[in-house]
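For reference, the structure is listed below as structure tokens.
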Amino acid sequence: MVCIINGKARANWGSQLEFILTCVGFAVGLGNVWRFPYLCFKNGGGAFLIPYFICLVFIGIPLFYLELCLGQFASLGPIKVFRINPALKGLGFSMIIVSSLIAIYYAVIIAYCIYFFFASMAAEVPWKYCDNSWNTCACQDGYQTFNFSLMDPRNASRPDCANFTYSDNKTVSASDEYFNNKVLEISGGLEFPEGIKWELALCNLAVWAIVFIVLSKGIKSLGKVVYFTATFPYILLTILLVRGLTLEGYQEGIKFYLTPDWSKLTQADVWSDAAVQIFYSLSACSGGLIAMASYNKFSNNILRDSFLVPVINCLTSFYAGFVIFAVLGFMAHKKGTTVDKVAAGGPGLAFVVYPEALAQMPVSPLWAILFFFMMMTLGFSSLFSITETVITGLVDEMKHYIMKPKIRLYMFRFGICAFFFLLGLPMVTRGGLYMLNLCDTYVGGFPLLFVGLFELTLVSYIYGFFRFRKDIEMMMGNSLPVKITFFFFAPTWCVISPVALAVVIVLKAIQYEPTAMGSYMYPDWANALGWLIVLCPLVFIPGWFIYHLLFKDNRGMCSPRPNWGPALDENKTGRYAKPITHAYPQAAYVVDAEKKPYFNQPITNGLENKGYESDLSEPSTKF
């Protein structure tokens, strides 16, 4: 299904369900599995749910609804939608840059999942024992003693370990050594790239090949794929949860996950983490919600979607926590230690801690295959939407050069995927994990928070809340639910959300510490590079404003462009309505959407399309 916009065909979702599933797939990603459970453990267990859901209600849902309204009302991508305020078009470019940076490192993480997925297809998972060429004397697994003993016949080839003495600080798990020494062959730091790891480069190439195939026809193909990628992970999560609840010690993991530490609620960094996680989890302010909503029908019920999708996303995070901590409880039980000693976040959870637990289960290859396939589908469901966001934004901006002939659009999509693959190559070097961690640390914080703050200010104060409210009512009707929800969105858009974002930005600035990854401290130049990553998208906001001020007609530069409004003439009512003029011999019949028609009205003084009588004419006769 398509709609015609200025003579150009713009696709629509095949159904409302396709849009909802795409938004769910976009929001529910790898962070729900490896970031939220760790933040919950770090910030007070069950107590963290309080700031998390407060931030969801007062920051996440309002921004989610605002962005869906912008995209659906104008049927434009995240750059072109800033016809609403040409001087702040730099916000659109910021969103595209943020989405591009996320897509590049997100694809590398999925490449890791692909590597593990195929490595699991063996009689035993390769990180189960310590008798491999990549293992060191400090290796331990769930089946050997804690030191590397020469009494084990498998270790007879390692006489260099004869004098190795066990200590808690030296012992490394078999899964840790597999990930760092085999998969990554990790170097000593960001300053030591030490060449490309070609197996990972090929996996990354496979990721972008799949992305191109799925997005080759835009949302027509994406809308069909999400039926699988957005739903199948829930089946796998449930299977893994059932398995976890049958393991010894799972109770301790669940108890550790849910037991609240109320003292944590007095710490500012807990609230800051909750707000940032909401942004990261809902994918707000990265342009994706605007892009996906732009393919909706004008009257689609996005009010329902704006509550449904964020709630599904947050409940998924909560549900995934049970999957993770049930297994962590089992692993702590096996090691005879506490859960906090084995818990980790980010890549460490997905590629070290959880695989170590999987290796100790019966039929471990089966569970490893299911886990990494789940991670792949979660990753792809988000990456598809992130990449389509970038493509939609750029195509809308350059459609006159790209749309025709059709092969140009295919080549453009291929070019974006190829370009992102090339930019990801530094992250598949032996020092690439340090670069990936640097991007993940700096991209997901300040850029999204600043974009959200400027976006709220633009809509609520520059464009005007009441004008935006009328736009929404024109789009969705004056039904009672729409009117009632404005009692919630008015204070959140105008006061609560902007103030909350400003406070979080200040707190994050105060709490800033130089970046580290484990025991590795990033050098000063690497932290400077991180701040350049922050500035890269944000510089477009003042940069475009200054450019517009100096080189473009700055009269009404902060007012909507004349072509701002609904895309289709049939949806243009009220102040957006276009007058209809029917010419008759020796007369004109003029119809104005907000005035009664006039008959026998002379066409003079350039007022013929406004439905007003000319001062030079005789009074017309009302029809």
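Not measured: the values here are computed from a predicted model. Numbers here are sequence positions counted from 1.
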Looking only at heavy atoms, what is the nearest atom pair of [X] and [Y], with distance?
X	Y	answer
Ala293	Leu68	CB-O, 3.4 Å
Pro126	Ala119	CD-O, 3.4 Å
Ala284	Leu448	O-CD2, 3.8 Å
Thr229	Phe384	CG2-CE1, 4.1 Å
Asn296	Asn12	O-ND2, 3.8 Å
Ser381	Val28	OG-O, 3.7 Å

What's the separation between atom [atom1] in [X] and atom [atom2] in [Y], rounded to the nearest 0.5 Å?
X	Y	atom1	atom2	value
Cys69	Met475	SG	CE	4.5 Å
Cys439	Ile102	SG	CD1	10.5 Å
Lys508	Ser272	NZ	OG	4.5 Å
Lys80	Ser75	NZ	OG	14.0 Å
Leu241	Thr246	CG	OG1	10.0 Å
Leu501	Leu453	CG	CG	6.0 Å

Results of ring-ring contact (aromatic ring centres under 6.0 Å, His included) for [X] - residues two or more places apart only:
X	result
Tyr250	none
Phe64	none
Tyr227	none

Among all residues two or more places apart in sequence or in another chain, which pass the side chain to side chain contact (heavy atoms under 4.5 Å, CB included) test with Thr492? Phe58, Pro62, Phe488, Phe489, Ile496, Ser497
Leu315: what forms a side chain to side chain contact (heavy atoms under 4.5 Å, CB included) with it, not counting sequence neighbours? Val311
Among residues at least two apart in sequence or on other chains, which ones pass salt bridge (Lys or Arg N to Asp or Glu O under 4.0 Å) with [X]?
X	answer
Arg413	Glu388
Asp396	Arg10
Lys217	none
Glu177	none

Are any side-chain N or O atoms of [X] and backbone N or O atoms of [Y], one a donor and one an acceptor, separated by less than 3.5 Å?
X	Y	result
Ser294	Gly71	no
Glu18	Trp13	no
Ser221	Gly218	yes
Asn180	Asp176	yes
Gln72	Asn300	yes
Trp367	Pro362	yes
Asn437	Leu433	no
Thr515	Leu438	no
Ser382	Gly379	no

Can you name the one residue among Val395, Thr392, Leu394 that meets side chain to side chain contact (heavy atoms under 4.5 Å, CB included) with Ile79? Leu394
In a check of side chain to side chain contact (heavy atoms under 4.5 Å, CB included) between Leu200 and each of Leu205, Val183, Thr429, Val108, which one passes? Val183
Going by atom types only, do [X] and [Y] share a side-chain donor-acceptor pair under 3.5 Å?
X	Y	result
Thr485	Tyr65	no
Asn32	Thr316	no
Ser173	Tyr178	no

Does the pair Tyr354 and Phe371 meet the rule for a ring-ring contact (aromatic ring centres under 6.0 Å, His included), with working shown? CA-CA 9 Å; Tyr354 207 88; Phe371 175 73; 4.3 Å; yes
Indicate yes or no: does Lys89 engage Glu397 in a salt bridge with an N to O separation below 4.0 Å. yes
Whether [X] and [Y] hold their rings parallel, tilted or perpendicular, with breakpoints at 30° and 60°:
X	Y	value
Phe116	Trp127	tilted
Phe36	Tyr52	tilted
Phe322	Phe318	perpendicular

Scan residues 418-430 for pairs that pass salt bridge (charged side-chain N to carboxylate O under 4.0 Å, His left out), counting only residues two or more places apart or in two chains. Glu185-Arg430
Can you run down the salt bridge (charged side-chain N to carboxylate O under 4.0 Å, His left out) pairs that involve residues 299-308, sequence neighbours left out, and say none if there aren't any? none
With heavy-atom distances below 4.5 Å as the criterion, would you say the side chains of Glu455 and Met95 are in contact? yes
Can you tell if the side chain of Leu184 reaches within under 4.5 Å of the side chain of Lys197, non-hydrogen atoms only? no
Stepwise, does the ring-ring contact (aromatic ring centres under 6.0 Å, His included) test hold for Phe372 with Phe117? CA-CA 5 Å; Phe372 288 110; Phe117 176 74; 8.4 Å; no
Quick test of your reading: applying side chain to side chain donor-acceptor pair (under 3.5 Å), list the pairs with at least one residue in residues 91-108, sequence neighbours left out, ordered by first then second residue. Tyr105-Asp440
Full working for ring-ring contact (aromatic ring centres under 6.0 Å, His included) between Phe373 and Phe232: CA-CA 10 Å; Phe373 188 69; Phe232 194 65; 5.7 Å; yes
Step by step, would you call Val33 with Ile324 a side-chain contact (heavy atoms from CB on, under 4.5 Å)? CA-CA 8 Å; Val33 175; Ile324 297 300; 3.8 Å; yes
